Protein chains: 2
Amino acid sequence: MTVSKTAEKSSEKPGDATKGRKDAAEGLPEALQLGELSEQLGYVLKRAQLKVFENFLRCMASLQLTPAQFSVLLLVEKNPGRNQTEIASTLGILRPNFVALLDNLESRDLCARIRSTNDRRSHILVLTDKGKAVLTRAKKLVATKHESRLNELLGQANREALLGMLSKIANEF
Amino acid sequence: MTVSKTAEKSSEKPGDATKGRKDAAEGLPEALQLGELSEQLGYVLKRAQLKVFENFLRCMASLQLTPAQFSVLLLVEKNPGRNQTEIASTLGILRPNFVALLDNLESRDLCARIRSTNDRRSHILVLTDKGKAVLTRAKKLVATKHESRLNELLGQANREALLGMLSKIANEF
DNA sequence: TGATAATTGTTATGGACCATATCAAATATC
DNA sequence: GATATTTGATATGGTCCATAACAATTATCA
């Protein structure tokens, strides 16, 4: 290739930086230019997702619920009596990886596995009383501390539009 | 708690399912109800992000570039002469984890580390000629096969609105 | 019916990604 | 010039994701 190691062809562009990045004359650290990166959907999407999860975890710190755990509780509440395979697959979680997740929820007495009498292979999932109570509190925290910030930031209409577009991507892309 | 193991309190709600989930009378598998889950920003955001990355990888299969690798090439092209710490940090990658990523790009002759003469600790990053050529091809693939699908799916105006809102979340949340 | 195939939950395992501690070399600070 | 800081790097552990394989149970069907 054409790049000589330990070379220092200095000064060519405004974004040049080959001689002392810090500050040519005791200036600022000079922030980088994102350029086309800020137009890449995947990049922005990932960063936004990380921020949202981060905020979610902070809001849920008192209940110690991760986004995945919360989604399981929500889905089991809405669909009581389903087995592990059904709950896991609709969440995009592979059965092997769902076991430890459930072990955790069950050890905390939030969810229970009940061996089905019809198909004794499968475990039917149900929320415990404690699980229902925790989920109720979790929903309130999410609504008041998490989703509400989105409304402040984007506005109600925009927030709904965002959700609609993301759903479209998730389902039709 | 109050859940009896191996219990089968059948029939109570429309979403009941304690007796034979498959099909009570040879019906369909009965899809689960997502319920409030489809209103959770984090949930939809994560699923959309996975779909977008998945599509990105397919579009880039011929060039074998991951989203992270692509973002590094883009950033180095836009900011030639910066060192590893600077490139990594603006991408949210920790320096230790950036080493292997760069090793990969350098071994494929897409990017080069050049020891700076000003600060002999740091490695200045530059795209090789091959790296520039590959990046050019990558940009075309992304534009024609990846981002274009977003326009088809959402429309130009909506796509821009989506990007704007995600950026706002990524930066101000 | 009984032999075979399929399903369910589970374990084991490996890979990718992320985070922290630590190190040597080089530089900055005082 | 002694000490602290920075840079790239290694080692390591954690979490998440994916595959193979297994025992128990059920479905299939000759």
Side-chain angles (χ1 to χ4, degrees), chain A residues 5-6 17 19-23 26 29 42-43 46-47 49-51 53-54 57 64-69 71-72 81-107 111-125, chain B residues 5-6 17 19-23 26 29 42 46-47 49-51 53-54 56-57 64-69 71-72 81-107 111-125:
Chain A
K5 288 278 182 183
T6 315
K19 45 186 298 247
R21 183 67 269 138
K22 295 302 190 60
D23 36 357
E26 199 63 40
Y43 177 73
K46 178 84 176 288
R47 302 218 76 146
Q49 186 259 316
L50 289 176
K51 276 293 185 70
F53 269 42
E54 189 184 315
L57 286 174
Q64 285 286 89
L65 282 182
T66 67
Q69 292 167 341
S71 68
V72 170
R82 299 294 188 138
N83 64 26
Q84 296 184 196
T85 297
E86 291 171 314
I87 297 293
S89 70
T90 69
L91 288 176
I93 303 174
L94 293 173
R95 276 73 69 196
N97 300 328
F98 192 58
V99 175
L101 212 176
L102 255 192
D103 285 347
N104 182 349
L105 294 179
E106 198 173 28
S107 72
C111 186
R113 300 182 231 226
I114 305 178
R115 173 145 272 126
S116 169
T117 53
N118 310 288
D119 186 342
R120 302 192 37 246
R121 291 171 298 185
S122 61
H123 290 169
I124 276 177
L125 299 182
Chain B
K5 288 280 182 181
T6 314
K19 43 186 296 252
R21 182 68 269 134
K22 295 302 189 59
D23 35 2
E26 200 62 41
K46 177 85 177 286
R47 302 217 78 144
Q49 185 260 315
L50 289 176
K51 277 293 186 72
F53 269 44
E54 187 184 315
F56 183 95
L57 287 174
Q64 286 286 91
L65 283 182
T66 67
Q69 292 168 339
S71 68
V72 170
R82 298 294 190 137
N83 65 27
Q84 297 183 197
T85 298
E86 291 171 313
I87 298 292
S89 70
T90 70
L91 287 176
I93 304 174
L94 293 173
R95 276 74 70 197
N97 301 328
F98 193 57
V99 174
L101 211 175
L102 255 193
D103 286 346
N104 182 349
L105 294 179
E106 198 173 26
S107 72
C111 186
R113 300 183 231 226
I114 304 178
R115 173 143 273 127
S116 169
T117 55
N118 309 289
D119 186 342
R120 302 190 39 244
R121 289 171 300 185
S122 60
H123 289 171
I124 278 176
L125 299 183

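All values below were derived from every heavy atom in this structure, side-chain atoms included, with hydrogens, water molecules and symmetry-related copies excluded. Every value quoted in this text rests on a predicted model; they were computed, and no experiment measured them.
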Looking at C/dA25, D/dA27, C/dG9, which one has an atom nearest to any side-chain atom of B/Arg121? C/dA25
For B/Gly92 and for A/Ser122, locate the closest nucleotide of DNA chain C by heavy-atom distance; then report the residue assigned to the nucleotide nearer the 5' terminus. A/Ser122
Find the distance B/Leu94:CG to D/dG8:C1' and express it as a whole number of Å. 14 Å
Going 5' to 3' along nucleotides 9-14 of chain D, which nucleotides have protein heavy atoms under 4.0 Å from the base (write B), which only from the sugar-phosphate (write S), and which from neither (write -)? BBB---
Rounded to whole Å, CG of B/Leu125 lies from C1' of D/dG8 at a distance of 11 Å
Sequence neighbours excluded, which residues qualify as ring pair (Phe, Tyr, Trp, His ring centres under 6.0 Å) partners of B/Phe56? B/Phe70, B/His146
Go through C/dT27, C/dA6, C/dG9 for me and flag the one nearest to the A/Thr85 side chain. C/dG9
Rounded to the nearest Å, what distance is computed from the CD1 atom of residue B/Ile114 to the P atom of nucleotide D/dG8? 13 Å
Considering only heavy side-chain atoms of B/Asn83, the closest of C/dT7, C/dG9, D/dG8 is D/dG8
May I have the distance from A/Phe53 (atom CZ) to D/dT15 (atom C1'), rounded to whole angstrom? 13 Å
Without decimals, in angstroms, what is the distance between B/Ile87 CD1 and D/dT7 C1'? 14 Å
Sequence neighbours left out, what passes side-chain hydrogen bond (donor to acceptor under 3.5 Å, both in side chains) with A/Glu54? Give chain and number order. A/Arg58
Sub-4.5 Å side-chain heavy-atom contact between A/Arg82 and A/Leu125: no
How about B/Leu101 and B/Gln69: do any of their side-chain heavy atoms sit closer than 4.5 Å? yes
Atom CD1 of A/Ile93 and atom C1' of D/dT19 are separated, to the nearest Å, by 17 Å
If you define the side chain from C-beta out and look only at heavy atoms, does anything of A/Asn83 sit under 4.5 Å from A/His123? no
Is any side-chain heavy atom of A/Thr85 less than 4.5 Å from a side-chain heavy atom of A/Ser122? no
Round to the nearest Å and state the distance from A/Leu50 atom CG to D/dT15 atom P. 17 Å
Can you tell me which nucleotide in D/dT25, C/dC18, D/dC17 comes closest to the side chain of B/Lys46? D/dC17
